[in-house]
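Here it is: the structure, laid out below.
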Amino acid sequence: MTYQYPAAGLLSPVMPGASSARPDMDAMIATSHRRSEEFGLHTSRRPDFSPLSPPDLTTLVEQNRMLYAHAIPAMETLYQQIVNTHNMVLLTDAHGVIVHSLGDADFLEKANRVALTAGVAWSEESKGTNAIGTAIAEKTPVTVHADQHFLAANHFLTCSAAPITDHRGNVVGVLDVTGDRRSYHKHTMALVRMSALMIENQMFAATFENAITLHFHARPEFIGTLMEGIASFTPGGRFLAANRNALFQLGLSYPALQAHTFSSLFGLPVSALFDHYRTAAPGLLDLCMHDGVRVRGRAELRLTNGMHVLTGASAPPRVSAKFPAQFAADVPAAAPAHTALPQAKAARRLSGLRYLNTGDPQLEQVIDKVNKVLGRDVPILIMGETGTGKELLAQAIHNDSPRAQGPFVAVNCASIPETLIESELFGYEEGAFTGARKKGATGKILQANGGTLFLDEIGDMPFSLQARLLRVLQERMVTPLGSGKPVPVNVELICATNHNLRQRIAAGLFREDLYYRLNGLVVKLPPLRERTDLECVVKKILAAETHGGCHRISDEVLRLFLRHKWPGNFRQLTNLLRTATIMAGDDEEIGLRHMPDDFLDDIEATTTVPATAAAAQQPVAGGGKLEEMELSAILRSLDAHGGNVSAAARALGVSRNTIYRKLPHLK
């Protein structure tokens with residue numbers, strides 16, 4: 001039995017002997033031929049075989065690094081299924097340009113005649129009707145056989161292609177098997193589809209880290225297979241994304257799911273997940289979906305360090321991939337399975353110091369100073385207000401340092417109870433204190449051995465522990481609690497604080513000798529209100545929050561951003577933009593109507609009320625009171641917008657709550 005999944009994404013059986021082509025395939029091919037003619041192509045035309053130049057090909061791979069890294073293992077597995085059948089496996093980007101290929105030696109000579117090589121475009125605009133280009137145009141799996149190809153030069157081929165989509169349903173690439181038309185086999189398309197789905201699921205898992213991911217299906221035996229639904233949520237339960245099978249099972253579109261939470265979809269609070277996995281032998285979850293259908297599920301809260309917090313297990317090893325020899329000079333070679341992998345390296349580059357440099361002169365000076373001490377064993381002290389990105393800078397320093405392959409361990413000295421911070425930092429032996437684990441525990445300092453230790457809010461470290469930390473830094477030795485045996489440790493130290501440490505020294509709250517041990521290089525991050533790169537920062541945050549989506553803020557909102565004081569700095573801005581993108585939904589532009597009311601209230605409280613200015617231009621007869629002038633401006637705006645409170649609020653630059661507060665009878 002072969003398998004075929006419909007547009008919804010589920011695999012469904014096709015009866016043996018039945019045609020693998022869908023009934024509408026002929027109509028699809030005919031439509032594609034018409035498009036080819038509209039592109040100005042002729043069936044006898046010799047196709048354009050010009051590949052990208054080596055530098056452009058390197059750039060193409062870099063731009064599709066995540067797709068590439070996750071697709072290569074699936075391509076190799078797929079190729080093993082069709083080896084020696086006069087076929088080759090191709091991966092393209094979203095525009096149909098070949099990124100990588102694997103093929104039988106006896107077919108490569110024929111393939112070279114039609115340029116089935118990296119860097120050649122196979123879009124419909126370039127090659128007319130073909131499986132790759134038509135799969136992109138139709139956003140569905142396609143088989144193009146022999147003379148179904150528009151160009152006569154390609155009639156000796158049979159191609160089966162399936163689009164690879166991201167969590168939003170956008171095509172990010174195509175997986176294709178192309179071979180001699182005489183070698184066509186009806187099972188090929190099923191293999192291609194299953195491999196494409198495997199790539200999608202792996203990319204989905206890599207995209208949503210630091211998230212609760214639920215694997216579910218009505219039939220428990222399908223959990224862990226390609227047929228399972230996968231949905232991700234924030235640790236607080238807000239919906240993030242779902243794969244194709246999850247969308248099918250939930251019966252909701254991606255935009256509709258944006259308004260949902262884990263609780264509203266599956267009938268359980270997020271806290272119940274943690275309770276479930278605290279049991280000695282937790283089985284599958286029994287869940288009731290929003291439509292009453294019962295499913296079984298397995299949840300995990302996967303952190304960026306690969307740990308599954310809910311299941312308590314280590315994450316499966318990430319995908320490893322070899323890069324073609326022609327990219328060796330520009331693309332780092334794949335590491336062995338036990339070291340950092342290509343997409344991890346890409347992530348480090350995207351969170352390095354260059355990535356943080358968005359044009360602000362103050363930040364540029366900070367980055368220049370830091371670059372000069374990288375790898376020089378100079379401790380760095382980062383100062384700045386809460387939310388200015390101190391940990392982000394520390395992570396970027398680690399990622400660009402010679403210790404990037406080692407661990408990055410962050411400790412918030414203000415969030416750990418004073419009674420626990422000593423054991424957290426230095427570790428302990430079995431029986432060191434009541435309640436200690438049977439085999440003891442490794443402290444954060446030893447966990448960071450060979451890498452970077454980041455001590456956030458160092459100014460809040462208990463005074464009694466500061467002497468022990470100083471001794472560790474000077475002697476490079478750690479003695480766990482309950483042990484008399486010191487352990488050598490080699491860490492790069494980065495600290496951060498929002499306190500003035502000199503003032504805390506004067507107040508007797510911080511050791512002066514520790515201060516001078518920490519401040520090899522002191523840098524200060526500017527608050528958001530002082531930065532000149534706000535527009536660029538907003539674009540980067542939007543790209544990160546929407547995973548490369550197309551949201552942008554309106555000029556009106558940007559002007560408000562530039563006026564705002566941002567007391568919460570980047571933490572406040574990030575949360576605001578995250579909420580705004582959800583409110584915007586499919587709207588590309590984020591406007592005033594998508595802004596949270598508390599933000600608009602803050603703007604109103606810190607600037608002159610727009611209604612006052614409007615009223616000042618048209619004073620009320622016999623009225624000089626500010627409140628009367630505001631009411632008059634609100635009433636005129638309501639009248640101009642036909643009583644629409646939201647439209648009137650946008651016109652005045654205030655929140656709807658402000659209007660309701662001034663005119664309570666409108667509620």
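Sequence positions, counted from 1, serve as the residue numbers for this chain.
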Original post:
Under the side-chain contact (heavy atoms from CB on, under 4.5 Å) criterion, do Thr261 and Val270 qualify, and how do the steps go?
Top reply: CA-CA 9 Å; Thr261 63; Val270 170; over 6 Å; no
Subject >> All side chain to side chain donor-acceptor pair (under 3.5 Å) counterparts of Gln148, not counting sequence neighbours >> reply: none
**OP:** Return yes if a side-chain donor-acceptor contact under 3.5 Å exists between Thr134 and Ser32, otherwise no.
**Re:** yes
**OP:** Starting from the C-alpha separation in whole Å, work towards a yes-or-no answer on side-chain contact (heavy atoms from CB on, under 4.5 Å) for Arg296 and Asp286.
**Re:** CA-CA 5 Å; Arg296 306 298 294 278; Asp286 188 5; 4.1 Å; yes
Original post:
Just wondering, do Arg65 and Glu62 contact through their side chains at under 4.5 Å, heavy atoms?
Top reply: yes
Original post:
Can you tell if the side chain of Val61 reaches within under 4.5 Å of the side chain of Val99, non-hydrogen atoms only?
Top reply: yes
Original post:
In chain order, what residues pass the salt bridge (charged side-chain N to carboxylate O under 4.0 Å, His left out) check against Arg35, with sequence neighbours excluded?
Top reply: Glu124, Glu138
Original post:
Can you name the nearest heavy-atom pair linking Pro163 to Lys139, along with the distance?
Top reply: CG-C, 3.9 Å
Original post:
Would you call Leu273 and Leu214 a side-chain contact if the rule is heavy atoms closer than 4.5 Å?
Top reply: no
Original post:
Do the non-hydrogen side-chain atoms of Thr85 and Thr188 ever get within less than 4.5 Å of each other?
Top reply: no
Original post:
Can you tell me if Thr581 uses its side chain to pair, donor with acceptor, with the backbone of Arg578 under 3.5 Å?
Top reply: yes
Original post:
Under 30°, 30 to 60°, or over 60°: which ring-plane class applies to Phe408 and Phe454, parallel, tilted or perpendicular?
Top reply: parallel
Original post:
OG1/Thr58 to CD/Gln63 distance, rounded to the nearest 0.5 angstrom?
Top reply: 11.0 Å
Subject >> Closest contact, heavy atoms only, Leu57 versus Ala118 >> reply: CD2-CB, 4.1 Å
Original post:
Do Asn399 and Gln395 meet the criterion of a side-chain donor-acceptor pair at a distance under 3.5 Å?
Top reply: yes
Original post:
What distance do Thr207 atom OG1 and Glu200 atom CD have between them, rounded to the nearest 0.5 Å?
Top reply: 11.5 Å
**OP:** Using atom types as modelled and distance alone, determine if a side-chain donor or acceptor of Ser126 lies under 3.5 Å from a backbone N or O of Ser123.
**Re:** no
**OP:** Would you confirm whether His215, through its side chain, and Gly224, through its main-chain N or O, come within 3.5 Å as a donor-acceptor pair?
**Re:** no
**OP:** Report yes if the side chains of Leu577 and Ile553 come closer than 4.5 Å at any heavy-atom pair, otherwise no.
**Re:** yes
Original post:
Looking at Val89 and Ile82, what are the two nearest heavy atoms and their distance?
Top reply: CG2-CD1, 3.7 Å
Original post:
Can you check whether Ala146's main-chain N or O pairs, donor with acceptor, with His149's side chain at less than 3.5 Å?
Top reply: yes
**OP:** Evaluate the ring planes of Phe233 and Phe239, with Trp represented by its six-membered ring, and classify them as parallel (under 30°), tilted (30 to 60°) or perpendicular (over 60°).
**Re:** perpendicular
Original post:
Between the main-chain N or O of Asp93 and the side-chain N or O of Asn64, is there a donor-acceptor pair closer than 3.5 Å?
Top reply: no
Subject >> Candidate pair Glu228 and Phe216, rule side-chain contact (heavy atoms from CB on, under 4.5 Å), full reasoning >> reply: CA-CA 6 Å; Glu228 70 178 357; Phe216 66 97; over 6 Å; no
**OP:** Starting at CD1 of Ile72, measure out to CG of Leu91 and round the result to the nearest 0.5 Å.
**Re:** 6.0 Å
**OP:** Any chance you could measure Met75, atom CE, to His100, atom NE2, to the nearest 0.5 Å?
**Re:** 5.0 Å
Subject >> Leu257 and Leu247: CA distance, side-chain angles, deciding distance, side-chain contact (heavy atoms from CB on, under 4.5 Å) verdict >> reply: CA-CA 9 Å; Leu257 285 168; Leu247 294 176; 3.4 Å; yes
Subject >> Minimum side-chain heavy-atom gap Val142-Ile132 below 4.5 Å >> reply: no
**OP:** Evaluate the side-chain proximity of Ile397 to Thr452: yes if any heavy-atom separation is below 4.5 Å, no if none is.
**Re:** no
Original post:
Which atom names give the shortest non-hydrogen contact between His276 and Gly283, and what distance separates them?
Top reply: NE2-O, 2.7 Å
Subject >> Contact summary for Gln447 and Pro407, nearest pair of heavy atoms >> reply: O-CG, 3.3 Å
Original post:
Where the side chain of Ser232 meets the backbone of Leu240, is there a donor-acceptor pair that is under 3.5 Å apart?
Top reply: no
**OP:** State which residue, out of Thr165, Asn201, Asp166, fulfils the side chain to side chain donor-acceptor pair (under 3.5 Å) condition with Asn243.
**Re:** Asn201
Original post:
Going from CE on Met66 to CE on Met203, what distance comes out if it is rounded to the nearest 0.5 angstrom?
Top reply: 5.0 Å
Subject >> Nearest-0.5 Å distance, CZ of residue Arg238 to CD of residue Gln258 >> reply: 8.0 Å
Subject >> Donor-acceptor contact present, side-chain Asn412 to main-chain Ala410, <3.5 Å >> reply: no
Original post:
Does Arg354 reach the side chain of Asp400, with side-chain heavy atoms less than 4.5 Å apart?
Top reply: no
Original post:
Looking only at heavy atoms, which two atoms of Arg552 and Leu542 are closest? And how far apart?
Top reply: CA-CD1, 4.0 Å
Original post:
Within the side chain of Asn154, is there an N or O that forms a donor-acceptor pair under 3.5 Å with the backbone of Asn130?
Top reply: no
**OP:** Measure from the side-chain N and O atoms of Ser195 to the backbone N and O of Leu191, and report whether any donor-acceptor pair falls under 3.5 Å.
**Re:** yes
